[in-house]
Asks: 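Handing you a structure now.
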Amino acid sequence: MDVSVENDRAPPGEAAGLLRHLNPEQLAAVTLPAGNALILAGAGSGKTRVLTTRIAWLVQTGQVSPAGVMAVTFTNKAAKEMLTRLSTLLPVNPRGMWIGTFHGLCNRFLRAHWKLAGLPQGFQILDAQDSVSAVKRIVKAMKLDEERYIPKQCAWFIAGAKEDGLRPQHIEVRDELTRTQQAIYQAYEDQCQREGVVDFAELMLRTYELMRDHAELRQHYQRRFRHILVDEFQDTNRLQYAWLKMFAGTDNNVLAVGDDDQSIYAFRGARVGNMADFEREFHVQQVVKLERNYRSFGNILDSANALIAHNSRRLGKNLRTEAGPGEPVRVFEATSDFAEAQWFLDEARQLQRDGSPRSEIAVLYRSNAQSRVIESALFNAGVPYRVYGGLRFFERAEIKHALAYLRLIENPNDDTSFLRVVNFPTRGIGTRTMELLQDAARSSGRSLWQSVGAIAGKGGSNLGAFTALVDAMRDATRGLTLREIIEHVVQSSGLADFYRNEKEGAERLENLDELVNAAEAFVTQEGFGKDAVALPVDEQAGRIAERLPAAVALVDTQPDAETGEIMSPLAAFLTHAALEAGDNQAQAGQDAVQLMTVHAAKGLEFDQVFITGLEEGLFPHENAAADLDGLEEERRLMYVAITRARKRLYLSFSQTRMLHGQTRYNLKSRFFDELPEAALKWLTPKLQGFGSGYARDYQAAWQRGTGLGSMVGAGRVVPASAPAAFEAQARSTPNGLRSGQGVFHTKFGEGVIVTLEGIGADARAQVNFGRHGMKWLALSVAKLTPVD
DNA sequence: ATAACATTCCAGCGT
DNA sequence: GGAATGTTAT
């Protein structure tokens with residue numbers, strides 16, 4: 001099925017056609033001569049186009065066969081987009097190439113070499129949740145204090161260690177804390193190995209180690225992938241960089257595309273420094289800068305450029321456009337998060353009336369919790385919207401339950417899945433029984449499943465029934481289609497009945513139906529099985545295998561004699577579910593307003609973009625604003641947000657906001673001071689700040705309209721208790737100060753009163769001074785001047 | 001063993 | 001304002 005290179009070698013004319021629409025810099029990047037190269041690609045400069053055209057050009061000019069290409073991305077979306085675009089550029093089936101996310105490619109690699117990697121053939125992948133609960137079990141089993149060794153933090157520590165390429169024995173033990181962390185890491189690793197599961201970081205590390213330790217394997221892959229292209233290079237971590245070196249060897253060509261100004265993942269180990277290291281260690285001769293922006297108008301770009309100029313340690317890049325200044329950047333100050341949402345709603349409606357599709361209107365925010373207020377406003381107004389992020393489809397509880405049964409069918413030793421559903425729906429297996437079982441498993445070093453027999457006499461009859469149930473599922477589903485398997489499991493597990501009787505179960509039942517649909521879609525997706533095992537297919541057709549030393553079995557797996565499948569559809573689907581958490585809402589196709597975090601917006605663009613919640617403590621986030629590195633990453637995040645907009649950009653902030661269930665008073669973000677005044681248009685009077693007229697009107701309008709906020713249909717309930725925030729704000733004290741008031745302090749500068757306490761000489765105020773933090777001040781001493 | 005209730009903690013981004 | 005835990009009553 002793979003087409004040989006010779007047949008695809010295009011006439012020169014066709015290759016030239018590929019290049020027709022490129023600007024000079026893009027053209028230079030696409031047609032770079034052999035060698036390693038770095039492309040500094042600014043936002044909206046046609047980065048994906050350059051990457052895909054480069055691949056197509058290399059193939060069409062006969063410089064590489066499709067099988068010799070590896071292209072790595074971070075997100076599934078980016079990988080998919082690359083595949084789609086390539087298929088329009090090339091007459092070749094791009095399946096011969098390795099195109100995917102780092103983790104997806106590692107999965108592919110480990111599926112082919114599972115034996116060599118010391119994994120069971122049907123190894124399963126733990127997502128972040130699973131990983132935390134696995135650590136939790138360890139901490140419990142080791143009888144450690146869960147307050148001190150917080151499972152989430154331990155999981156974070158382990159992932160961090162792996163991303164630095166460190167195994168437990170490499171952890172530097174300095175004190176009791178690190179000693180215990182090391183022990184937890186070791187126990188976690190043993191447990192994963194026993195259960196035949198790997199977490200995300202393990203996919204990367206195991207692949208890296210396998211390449212490092214097996215010369216023949218390494219040579220094979222280094223001979224195969226002549227051209228390696230890496231997208232979003234600024235987001236790579238230490239391990240990914242080492243991994244890349246391992247695949248690249250010394251003779252191959254690596255094209256790294258990145259933008260240091262869009263590095264927003266340092267918090268999870270990304271090293272922008274990899275770009276400089278790459279330039280040095282890979283002897284990069286050519287650095288191409290793409291600075292021509294085809295996305296945004298001038299005012300938007302001016303804002304982005306001015307903002308990011310406040311960062312130090314940049315590689316240096318300035319976006320420019322020939323599109324003219326366009327609309328000014330509009331700035332709005334709201335009195336509350338509710339008012340902010342209401343204002344957005346009004347603007348969005350106006351934009352719609354002016355002819356914009358809803359899907360071209362995006363609301364961006366720093367953290368997921370902020371979506372709720374905006375959702376309420378849209379929901380009450382009946383405006384369709386779509387939220388990205390938050391709870392993803394495969395992360396929903398009911399879906400994870402169903403997947404757990406399916407995983408047990410594939411691999412009964414998966415203790416995480418066992419624990420998830422052993423008593424769900426409830427079948428009379430309580431904590432006492434489970435403790436017995438876990439003790440038995442621990443002392444014998446076997447899985448929970450294997451230990452069921454050991455405690456058979458001690459009230460374990462229900463346990464026996466459970467394993468019998470799963471065994472029966474396995475028997476009953478043998479030979480069925482994936483769809484039938486899932487339908488059967490949802491029924492026979494009792495999940496369907498359970499949710500049918502639940503009050504709020506209707507939506508969960510729908511999701512379970514949706515799971516069946518997802519499976520169906522997965523199966524019909526062309527060549528799903530091949531995707532997981534493309535390597536053997538390549539080998540069968542290819543020439544490369546002949547050159548391989550016999551010592552290394554390139555592929556551990558023999559295809560099923562009957563079906564030719566190397567992986568069962570079920571196993572493949574479970575892998576898919578773990579690696580692609582999926583979208584959270586399946587309202588695909590409908591024209592809807594887009595809601596997402598700034599992180600999720602990276603790589604996307606919209607005609608109209610609203611960046612909301614631009615307040616000190618929120619954006620920049622208080623956990624990041626403390627040190628320079630953190631602050632600079634926040635600024636890059638803001639840069640990413642701004643550069644999403646094509647035509648119009650709106651920035652908004654609010655004086656008050658509900659957070660942790662209570663009202664917080666925030667100052668406007670320092671980023672406003674870093675934007676060019678000439679590009680901005682304040683919709684509310686600037687500097688007059690607190691309680692300005694426009695904002696009040698919106699507030700009043702909101703209060704009039706509320707209370708009617710009845711929700712239609714089943715689903716979430718939207719609180720109608722917004723005005724509470726304003727009562728608190730309006731409450732005055734005898735000395736003339738009130739909470740929510742803007743004040744000036746000679747030392748700390750501008751701030752907002754958060755709380756007032758005490759009377760007379762005892763009167764104290766808690767004031768939020770933004771970047772100077774929250775202070776308690778004695779009013780008899782501190783000189784606070786009202787600023788509005 | 002389980003359901004109903006009370007309490008605590010959290011809300012920072014993702015493969 | 002919600003999930004996830006801990007506690008109590010059946």
Side-chain angles (χ1 to χ4, degrees), chain A residues 72-79 100-107 125-133 136 146-147 150-152 156 159 162-163 198-204 232 235-237 239-240 263-270 337 364-373 375-376 388-392 394-395 397 423-434 459 462 502 575-582 584 596-602 613 617-625 630 633-634 636-637 640-641 657-664 716-719 721-722 724:
Chain A
V72 202
T73 65
F74 274 87
T75 64
N76 294 301
K77 196 161 56 183
T101 63
F102 275 104
H103 296 89
L105 294 184
C106 288
N107 176 55
I125 297 165
L126 297 184
D127 66 19
Q129 282 177 32
D130 296 336
S131 183
V132 171
S133 61
K136 196 175 204 167
E146 273 185 70
E147 305 277 295
I150 299 160
K152 205 171 165 186
W156 185 264
K162 290 187 182 183
E163 279 160 9
V198 295
D199 60 31
F200 287 131
E202 187 68 29
L203 286 170
M204 291 283 328
E232 308 277 18
D235 288 336
T236 51
N237 60 34
L239 178 56
Q240 283 157 340
S263 157
I264 55 175
Y265 285 108
F267 74 94
R268 58 164 203 211
D337 47 352
L364 310 186
Y365 34 80
R366 176 65 231 275
S367 57
N368 273 313
Q370 287 166 251
S371 74
R372 234 196 80 257
V373 200
E375 279 187 69
S376 308
Y388 289 80
L391 196 57
R392 323 270 271 303
F394 287 115
E395 289 167 1
N423 198 35
F424 193 94
T426 51
R427 43 177 75 90
I429 299 167
T431 37
R432 186 82 203 99
T433 312
M434 284 315 294
N462 289 337
E502 273 288 278
T575 297
H576 165 81
L579 283 176
E580 298 192 41
N584 57 332
M596 67 193 81
T597 63
V598 181
H599 282 92
K602 188 165 160 205
L618 213 64
F619 201 176
H621 196 274
E622 53 198 348
N623 296 354
E633 179 144 318
E634 293 292 302
R636 291 192 293 269
L637 202 48
V640 168
R657 185 173 295 278
M658 290 292 279
L659 212 72
H660 293 90
Q662 57 185 5
T663 309
R664 289 229 332 213
R716 291 164 279 200
V717 179
V718 178
S721 58

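Lettering follows sequence order; numbering is per chain, from 1.
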Asks: What integer number of Å spans the C1' atoms of C:dT5 and B:dG12?
Replies: 22 Å
Asks: Cation-pi check for A:Y265 against A:R268: NZ or CZ below 6.0 Å from the six-membered ring centre and within 45 degrees of the axis, yes or no?
Replies: yes
Asks: With A:F102 as reference, evaluate A:T236, A:L203, A:N107 under the side-chain contact (heavy atoms from CB on, under 4.5 Å) test and give the passing residue.
Replies: A:T236
Asks: Walk me through whether A:M596 and A:N368 qualify under side chain to side chain contact (heavy atoms under 4.5 Å, CB included).
Replies: CA-CA 7 Å; A:M596 67 193 81; A:N368 273 313; over 6 Å; no
Asks: When you match A:R427 and A:E147 each to their closest nucleotide on DNA chain B, which lands nearer the 5' end?
Replies: A:R427
Asks: Inspect the contact between A:E146 and A:K152 and indicate whether a charged nitrogen and a carboxylate oxygen are less than 4.0 angstrom apart.
Replies: no
Asks: Would you please classify the geometry between the A:W156 ring and the A:F267 ring as parallel, tilted or perpendicular, with 30° and 60° separating the classes?
Replies: parallel
Asks: Just by protein heavy atoms under 4.0 Å, how would nucleotides 10-15 of chain B read 5' to 3' in B, S and -?
Replies: -BBBBB
Asks: Describe the nucleic acid contact of A:K136 in one word from base, sugar-phosphate, nothing, applying a heavy-atom distance below 4.0 Å.
Replies: sugar-phosphate
